[in-house]
Amino acid sequence: MAIKFSDLHTEQGLKAVEEHLSGKTYISGDKLSVDDVKVYAAVLEKPGDGFPNVSKWYDTVASHLSKSFPGKAVGVKIGGGITQFEAPKTEAPAADDDDIDLFADETEDEKKAAEEREAAKKHTKKPKESGKSSVLLDVKPWDDETDMKKLEEAVRSVQMPGLYWGASKLVPVGYGIKKLTIMMTIDDDLVSVDNLIEDHLTSEPNNEYIQSVYIVAFNKI
């Protein structure tokens, strides 16, 4: 995340740097970097005792720079007034030189690396899986003369993507009549239980054996 300082020629601006340097030696990281040089260039002179962290950091950067630039310096002060930065009313406002975005410049290699990371994330994302449900059905015959073996065969003959038939058993209901209780598992996005019953189980030719079908239990897996 970019670090931003503004108005480093004012006490308010220096206060922000003072707080940022609390417990730190450099602006970013544990070594002198271009970030330190940018901020150093924007601070007009060494801060007073009211900013101990900035003052210590200022001396550290100055020491490093003096080693890198051994030539004798006579001291340069850069003055300027507000009028120097005022743009004509017909033009867009000039940017404030004291606003520093430490990470504003991004190289082509960094942009390419970021794009590759985003592409890799998309490829590693798993596709969303369809939910599944476990459904228990009661399948009733027309009467006690209905062939229950053929009834179950008619039920299991219904096949479609996302439909998986499970265990079954015959349960007496009275007067010699039995019903078929059967378990099935479905993919919720592929199978509608209502359509399965109305369009397949209780329609021709399966309605020769099946009088009605009821949902006994419906549980999400």
Side-chain angles (χ1 to χ4, degrees), residues 1-5 19-20 22-24 27-31 33-35 99 101-221:
M1 183 177 179
I3 305 170
K4 189 173 183 179
F5 299 122
E19 293 175 352
H20 177 78
S22 178
K24 300 179 182 177
I27 295 296
S28 56
D30 55 0
K31 294 181 180 180
S33 70
V34 67
D35 298 338
D99 286 343
D101 190 342
L102 300 181
F103 304 100
D105 298 326
E106 186 176 29
T107 66
E108 289 298 324
D109 290 340
E110 290 172 337
K111 290 180 181 178
K112 185 177 179 180
E115 291 173 357
E116 291 176 350
R117 286 195 297 271
E118 289 300 320
K121 289 180 182 178
K122 292 180 181 179
H123 286 301
T124 55
K125 288 182 179 179
K126 295 182 180 180
K128 183 179 179 181
E129 296 183 358
S130 172
K132 294 182 181 292
S133 297
S134 175
V135 185
L136 182 64
L137 299 178
D138 269 355
V139 184
K140 295 183 178 180
W142 287 102
D143 52 39
D144 60 340
E145 296 181 357
T146 300
D147 188 330
M148 296 303 292
K149 182 177 181 181
K150 290 184 177 180
L151 181 145
E152 182 171 354
E153 290 176 353
V155 171
R156 293 184 182 275
S157 70
V158 178
Q159 298 292 327
M160 62 181 66
L163 171 62
Y164 313 96
W165 294 109
S168 64
K169 65 178 180 178
L170 295 177
V171 180
V173 294
Y175 304 101
I177 300 175
K178 295 181 179 180
K179 67 180 179 180
L180 174 70
T181 298
I182 187 167
M183 180 71 69
M184 68 177 182
T185 301
I186 61 171
D187 290 335
D188 296 334
D189 292 345
L190 300 177
V191 179
S192 166
V193 179
D194 291 338
N195 291 342
L196 173 67
I197 295 173
E198 295 175 6
D199 299 339
H200 298 277
L201 294 177
T202 58
S203 61
E204 295 182 353
N206 294 329
N207 60 1
E208 178 181 351
Y209 305 101
I210 301 172
Q211 180 195 56
S212 58
V213 178
Y214 298 95
I215 301 172
V216 178
F218 193 120
N219 298 302
K220 295 287 184 181
I221 299 177

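Worth knowing before you read on, the calculation uses all heavy atoms, side chains too, and leaves out hydrogens, waters and symmetry mates. Computed from a predicted model, the values in this text were never measured in an experiment.
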Q: Over all heavy atoms of both residues, which pair between Phe218 and Ile186 is shortest? Give the atoms and the distance, please.
A: CZ-CD1, 4.3 Å
(Q) Looking at Met148, is its backbone amide N or carbonyl O close enough to the side chain of Thr146 to form a donor-acceptor pair, meaning the two atoms are under 3.5 Å apart? (A) no
(Q) Distance check, rounded to the nearest 0.5 Å: Glu153 atom CD versus Tyr209 atom OH? (A) 8.5 Å
Q) How far does OG of Ser134 sit from CG of Asn219, to the nearest 0.5 angstrom? A) 6.0 Å
Q: State, with a plain yes or no, whether a side-chain heavy atom of Leu151 is found less than 4.5 Å away from one of Asn206.
A: no
Q. Would you call Leu137 and Val135 a side-chain contact if the rule is heavy atoms closer than 4.5 Å?
A. yes
Q: Return the set of residues passing salt bridge (charged side-chain N to carboxylate O under 4.0 Å, His left out) with Asp138 (not counting sequence neighbours), or none when no residue passes.
A: Lys179
(Q) Please give me the minimum heavy-atom distance between Asn207 and Trp142, naming the atom from each residue. (A) O-NE1, 2.8 Å
Q: Drop me the distance from Ile210's CD1 to Lys150's NZ, to the nearest 0.5 angstrom.
A: 14.0 Å
Q. Who are the side chain to side chain donor-acceptor pair (under 3.5 Å) partners of Thr185, not counting sequence neighbours?
A. none
Q. Can a donor-acceptor pair be found between the side chains of Ser133 and Asp188 at a distance below 3.5 Å?
A. yes
**Q.** Close side-chain approach of Leu201 and Leu196, heavy atoms under 4.5 Å
**A.** yes
Q. What pair of heavy atoms forms the shortest contact from Gly166 to Ile182, and how long is it?
A. O-CG1, 4.2 Å
Q.
Do Met183 and Ser168 make a side-chain contact, defined as non-hydrogen atoms from C-beta onward lying under 4.5 Å apart?
A. no
Q: Would you name the heavy atoms of Val191 and Pro161 that are closest together and state the gap between them?
A: CG2-O, 3.5 Å
Q. Is there a side-chain contact between Lys140 and Ser212 (heavy atoms, below 4.5 Å)?
A. yes
**Q.** Within-4.5 Å side-chain heavy-atom neighbours: Val193 and Met184
**A.** yes
Q. Salt-bridged, Arg156 to Glu152, with N to O below 4.0 Å?
A. yes
Q | Ion pair Lys178/Asp144, N-O distance below 4.0 Å | A | no
Q. Is Phe5 close to His20 at the side-chain level, that is, under 4.5 Å between some pair of heavy atoms?
A. yes
Q: Run through Asn195, Leu163, Val158, Val155 and flag the one making a side chain to side chain contact (heavy atoms under 4.5 Å, CB included) with His200.
A: Val158
Q: Kindly compute the distance separating CG (Leu180) from NZ (Lys149), expressed to the nearest 0.5 Å.
A: 14.0 Å
Q. Is there a side-chain contact between Asp187 and Tyr164, using heavy atoms and a 4.5 Å cut-off?
A. yes
